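Encoded as structure tokens, the structure appears first; notes follow it.
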Amino acid sequence: MKLATWNVNSLKVRLPHLLDWLAREQPDVVCLQELKCEDAAVPRAEIEAAGYHLETLGQKTYNGVAILSRTSLGAVQRNIPGFADPQARVIAATIEGVRVVGAYFPNGQAVGSEKFAYKLEWLTALTQWLRAEIALHPKLVLTGDFNIAPEDRDAHPDWKDEIHVSAPERAAFAALTGLGLTDAYRRFEHPERSFSWWDYRMNAFRRNFGLRIDHILITAPLIETLSACEVDKSTRSLERPSDHAPVIAVFG
DNA sequence: ATGACCTCCAACGGAGGA
């Protein structure tokens, strides 16, 4: 199984890139974030024509998540159970015995802000739900745009803002790994300063001024078959790119 | 530097992103 996550920053704008990339990479499962459109506006026909089933949790203007799969998606869950969230950030489904949770974590804006408090509350709710979910599904993948760079090496040394690298955010990330989830990317050797997001401004991609905030976390039974995990930076050089690159994990 | 760039909106400036 080849599984990927990609924050497309508008499904409508990025659809040509997505379709080209699906044809080239042939992933089996793709979690998408920041659709920025309602379910009714999702270009289902084009994605289905590319060979994918899809389940979405759309929202106008902001947020919105989807899971694409070559095989059918079962037991679809939208948002975090028991957490009344007006923002569309989570979708989960069972695919060939693997519970796949695709999430668009809150940005948090600035440490200490209202949005930061929401980010931490959201992370607590996600963690509580996943504790139960992992007990039900030993093979589980948590993937998406985490908006957290878990270690210093996951942020450019010149990143001066606290957001995405603060102690509370990193503690929340550690709580997730404490559930028995492993960062698939760190199971392999990578160059220093490997990132998944680069600001649109200031030639950030050319200067590799970025953060590694898009992740694929997996439970122990999936580690045995994990054979690769990479960031695909190629899409970031296209015309009108997403500011995030896809991250791809290969099992088996 | 209250910046820069991109996407969205009952839009033409502001919000949000990261």
Side-chain angles (χ1 to χ4, degrees), chain A residues 5-19 21 31-43 56-66 85-90 102-123 126 143-173 185 193-216 231 233 235-247:
Chain A
T5 180
W6 193 7
N7 179 327
V8 291
N9 184 19
S10 171
L11 181 55
K12 181 183 175 184
V13 173
R14 230 62 67 194
L15 185 63
H17 289 185
L18 176 65
L19 295 175
W21 180 81
C31 294
L32 301 176
Q33 302 88 41
E34 286 212 83
L35 306 186
K36 295 188 173 179
C37 67
E38 296 176 304
D39 288 336
V42 169
T56 63
L57 176 61
Q59 185 176 344
K60 193 177 180 181
T61 312
Y62 303 119
N63 313 311
V65 288
D85 194 345
Q87 304 186 24
R89 297 187 173 277
V90 175
Y104 174 46
F105 291 45
N107 175 301
Q109 198 167 59
V111 174
S113 67
E114 278 185 27
K115 290 189 175 70
F116 188 75
Y118 163 70
K119 182 176 193 172
L120 296 183
E121 289 166 14
W122 186 95
L123 278 158
L126 178 75
T143 189
D145 174 0
F146 283 55
N147 270 314
I148 300 172
E151 299 178 46
D152 286 347
R153 60 178 170 163
D154 299 315
H156 191 282
D158 293 341
W159 181 262
K160 297 301 182 196
D161 287 344
E162 287 183 282
I163 194 67
H164 310 304
V165 302
S166 73
E169 290 165 275
R170 286 180 169 174
F173 188 94
Y185 192 75
R193 302 188 185 183
S194 292
F195 306 127
S196 66
W197 169 87
W198 301 264
D199 201 297
Y200 283 121
R201 297 168 289 187
M202 296 285 289
N203 293 311
F205 183 62
R206 184 180 56 73
R207 297 188 296 119
N208 193 33
F209 182 78
L211 300 171
R212 194 177 72 90
I213 53 178
D214 301 271
H215 305 298
I216 300 174
V231 177
K233 289 163 68 173
T235 57
R236 190 61 177 77
S237 302
L238 299 170
E239 290 278 326
R240 268 187 113 181
S242 170
D243 44 356
H244 293 255
V247 183

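Note: hydrogens, waters and symmetry copies are ignored here, and every other heavy atom, side chains too, is used. In what follows, chains are A, B, ... by sequence order, proteins preceding strands, each numbered from 1. Here the structure is a predicted model, which is why all the values come from computation and not from measurement.
- Listed by chain and number, the residues in a side-chain contact (heavy atoms from CB on, under 4.5 Å) with A/Ser194 are A/Tyr185, A/His190, A/Pro191 (sequence neighbours excluded).
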Can you build the contact string for nucleotides 13-18 of chain B? Use B for base contact, S for sugar-phosphate-only contact, and - for no protein heavy atom under 4.0 Å. ---SBB

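- At B/dC8, one or more side-chain N or O atoms of A/Ser10 fall inside 4.0 Å of OP1 or OP2 (strictly under the cut-off).
- Checked against side chain to side chain donor-acceptor pair (under 3.5 Å), A/Asn63 has the following partners two or more places apart in sequence or in another chain: A/Gln59, A/Arg89.
- Rounded to whole Å, the separation between the P atoms of B/dG13 and B/dA18 comes to 25 Å.
- Put simply, CD on A/Gln59 is 14 Å from P on B/dC8, counting in whole angstrom units.
- Partners of A/Asp39 according to the side chain to side chain donor-acceptor pair (under 3.5 Å) rule, which considers only residues two or more places apart in sequence or in another chain, are A/Thr56.
- Residues passing the salt bridge (Lys or Arg N to Asp or Glu O under 4.0 Å) test with A/Arg153, sequence neighbours excluded: A/Glu151.
- Annotation: salt bridge (Lys or Arg N to Asp or Glu O under 4.0 Å) contacts of A/Asp158 (sequence neighbours excluded): none.
- Checking the phosphate oxygens (OP1, OP2) of B/dC5, no side-chain nitrogen or oxygen of A/Arg240 falls inside 4.0 Å.
- Nucleotides B/dC6 and B/dA1, compared at atom P, are 23 Å apart to the nearest Å.
- Looking at A/Ile213 and A/Phe146, their side chains never come closer than 4.5 Å, going by heavy atoms from C-beta outward.
- Residue A/Lys160 contributes atom NZ, which lies 18 Å from atom C1' of B/dG3 at whole-angstrom precision.
- Taking atom C1' in both B/dT7 and B/dC12, one finds a spacing of 15 Å when rounded to whole Å.
- For the C1' atom pair drawn from B/dG17 and B/dA4, the interatomic distance equals 14 Å after rounding to whole Å.
- Annotation: B/dA10 and B/dC5 have their P atoms spaced 26 Å apart (nearest Å).
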